[in-house]
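To keep things clear, I will list the structure first and then write my remarks on it.
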Amino acid sequence: MNISGEVFESLFRKEFNSDPVLIHSPGRVNLIGEHTDYNDGFVLPAAINKRIILAMAPNSLGKIRMFAADMEEKRYETALQTEFKKSGLHWPDYILGVSEHLQKKGYSIDGFDLVFGGDIPIGAGLSSSAALEGGVVFGLAELFGLELNRTEMAKIGQLAENHFVGVQCGIMDQFANLHGQEGSVIKLDCRSLEFEHYPFDRDDLRILLFDTKVRRELASSEYNIRRRQCEEGVSILKEFDPSIKNLRDVSDDLLENHKEKLSEVVYNRCRYVLDENKRVLDACTYLQQGDFKRFGKLMYGSHYGLRDLYEVSCRELDILVDATESLDAVLGARMMGGGFGGCTINLVLEEEVGSVVESVKAYYKEKLGKTVEHHVAKIAQGVSVLETA
Ligand code: GLA
């Protein structure tokens, strides 16, 4: 499908017979800082050039009417309410969740029509859900003149996901979707929500994604189990330092001195989170120094921690990272996102992208007898209004 504003404008006219506002809403990558957001830690994501486009207009009918261009069951309609029931179709739930949580925060909306679709692969760890949430909240603010800033919008998206869709995600994906800037990554402190854009636009480097096509819903228990294990670690360590609120506050000494009070699994989870937070901070230093070699090494470190301590990788992801270890043109590689499938992110020398793709594909085929897809991701603008010619 051609992902242009014109296509969605005409789809919208055909479906609802009126003129829409068009919204661009991107997916995201995360360079480093995985499973740190819900531990009040640091992340380094960026919005990318895979996106969904939303066409939206008020309808004065007291209804929400939706059309999902890429889904099998494309239409869903419901009366506008302050509390919705789940749709039973899944995709409308993101839209209903945002509509419900905007109203819960005191923003008033009216009936609206929506057409959307795009090219962010679903379940690949590129945050297609956050793109839908961010696009809807931004679009509703446009349609109804709501005054909320991008961080407040990201929080509405997260509330929708946590309390309506039922996935206990952190804030990273929604934040990257809304605060993305072309050519920059976002260093986000997930506790204070203070953030800084760091330029990430070297002509000689590319962000290469390999998609395992292994799909596991985040909602599927493991993500929530990791959250609980981190909380368990905090509640035990709190006995020794009541001032700590979260793994963010736990020092290496506190963790190591009370290691024997934690089960091996809980210790490993905590160890990983402390290490990963440090890696993000170090990565930002290397980024400022333009030292992408060291930056890349930290990406590998992140992968090994996710694989061995946090245990959220899978065979396919590990093989994709293994495949790059002997390639000088790959500065860093790791699994990305919640884990158990989806993509690896690789930092690759631009002139070697073709040969890297070839060798990784060959290695994957040899080990697993399967093919792997790849995408070159460009860092793009966050959610914005899309003007058509
Ligand atoms: C998913 C969640 C994010 C984050 C990552 C892991 O993408 O939506 O909030 O926790 O997993 O870093």
Side-chain angles (χ1 to χ4, degrees), residues 26-48 50 93-94 97 120-134 151 154-180 185-191 193 195 209 211 214-231 246-248 269 272-277 279-280 283 298-299 301-303 305-307 309-314 317 334-345 377:
R28 66 101 188 90
V29 291
N30 184 25
L31 272 302
I32 196 159
E34 220 62 87
H35 288 277
T36 43
D37 61 350
Y38 55 82
N39 287 303
D40 272 2
F42 299 95
V43 292
L44 200 64
I48 56 166
K50 297 244 165 234
D93 292 346
Y94 297 98
I120 310 174
I122 294 174
L126 300 178
S127 298
S128 56
S129 339
L132 182 52
E133 291 152 4
T151 297
K155 286 187 188 167
I156 299 276
Q158 189 195 12
L159 282 171
E161 182 115 8
N162 289 173
H163 302 297
F164 197 84
V165 180
V167 179
Q168 297 307 309
C169 67
I171 189 82
M172 167 169 74
D173 305 344
Q174 291 78 8
F175 204 94
N177 165 263
L178 279 146
H179 281 284
V185 291
I186 308 166
K187 177 193 172 196
L188 171 65
D189 177 338
C190 299
R191 170 169 277 175
L193 298 187
F195 65 100
L209 306 172
D211 186 353
V214 175
R215 302 290 184 248
R216 270 194 56 178
E217 285 287 310
L218 258 184
S220 76
S221 57
E222 291 295 331
Y223 186 88
N224 294 347
I225 292 175
R226 293 300 175 286
R227 288 196 69 141
R228 279 206 303 279
Q229 289 166 334
C230 292
E231 283 159 16
N246 204 302
L247 282 181
R248 165 72 175 271
R269 307 300 190 239
Y272 163 76
V273 172
L274 266 61
D275 294 346
E276 183 75 349
N277 269 326
R279 277 190 287 264
V280 181
L298 293 172
M299 292 172 73
S302 169
H303 183 77
L306 288 159
R307 183 189 65 191
L309 297 175
Y310 218 66
E311 296 179 286
V312 289
S313 188
C314 64
L317 291 166
R334 59 179 208 85
M335 56 146 280
M336 188 178 70
F340 303 105
C343 291
T344 60
I345 178 169

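No hydrogens, no waters, no symmetry mates; every other heavy atom, side chains included, goes into these values. All ligand and atom numbering here is 1-based and tracks the order in the structure.
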- [ ] Please could you name the atoms of ligand 1 that Gly170 approaches to less than 4.0 Å, counting only its heavy atoms?
- [x] 9 (O)
TODO: Using a 4.0 Å heavy-atom cut-off, say whether Met336 meets ligand 1 through its side chain, its backbone, both or neither.
DONE: neither
- [ ] Go through ligand 1 atom by atom and flag the ones less than 4.0 Å from a non-hydrogen atom of Cys169.
- [x] 2 (C), 8 (O), 9 (O)
Task: Near-ring test His35/Tyr272, centroid separation under 6.0 angstrom - done: no
TODO: Using the salt bridge (Lys or Arg N to Asp or Glu O under 4.0 Å) rule, pick out the option among Asp37, Asp189, Asp40 that qualifies with Arg248.
DONE: Asp189
Open item on the list: Only heavy atoms of Tyr38, strictly under 4.0 Å: list the atoms of ligand 1 that pass.
Closed with: 10 (O)
- [ ] Evaluate the ring planes of His179 and Phe195, with Trp represented by its six-membered ring, and classify them as parallel (under 30°), tilted (30 to 60°) or perpendicular (over 60°).
- [x] tilted
Task: Carboxylate-amine/guanidinium proximity below 4.0 Å for Arg226 and Glu311 - done: no
Open item on the list: To the nearest 0.5 Å, what is the distance between NZ on Lys155 and CG on Leu178?
Closed with: 12.5 Å
Open item on the list: Below the 3.5 angstrom mark, is there an N/O of Glu34, backbone or side chain, next to an N/O of ligand 1?
Closed with: yes
Open item on the list: Only heavy atoms of Arg28, strictly under 4.0 Å: list the atoms of ligand 1 that pass.
Closed with: 7 (O)
- [ ] Below 4.0 angstrom from a heavy atom of Met172, which ligand 1 atoms are there? Numbered from 1 as shown, please.
- [x] 4 (C), 5 (C), 12 (O)
- [ ] Would you kindly say whether Arg227 and Gln168 are connected by a side-chain donor-acceptor distance under 3.5 Å?
- [x] no
TODO: Consider every N or O of Tyr223 and every N or O of ligand 1, then say whether any pair is closer than 3.5 Å.
DONE: yes
Open item on the list: Please report the interatomic distance CG(Asn246) to CZ(Arg191), rounded to the nearest 0.5 Å.
Closed with: 5.5 Å
TODO: Return the option from Asp37, Asn39, Asp173, Val43 holding the heavy atom at the smallest distance from atom 4 (C) of ligand 1.
DONE: Asp37
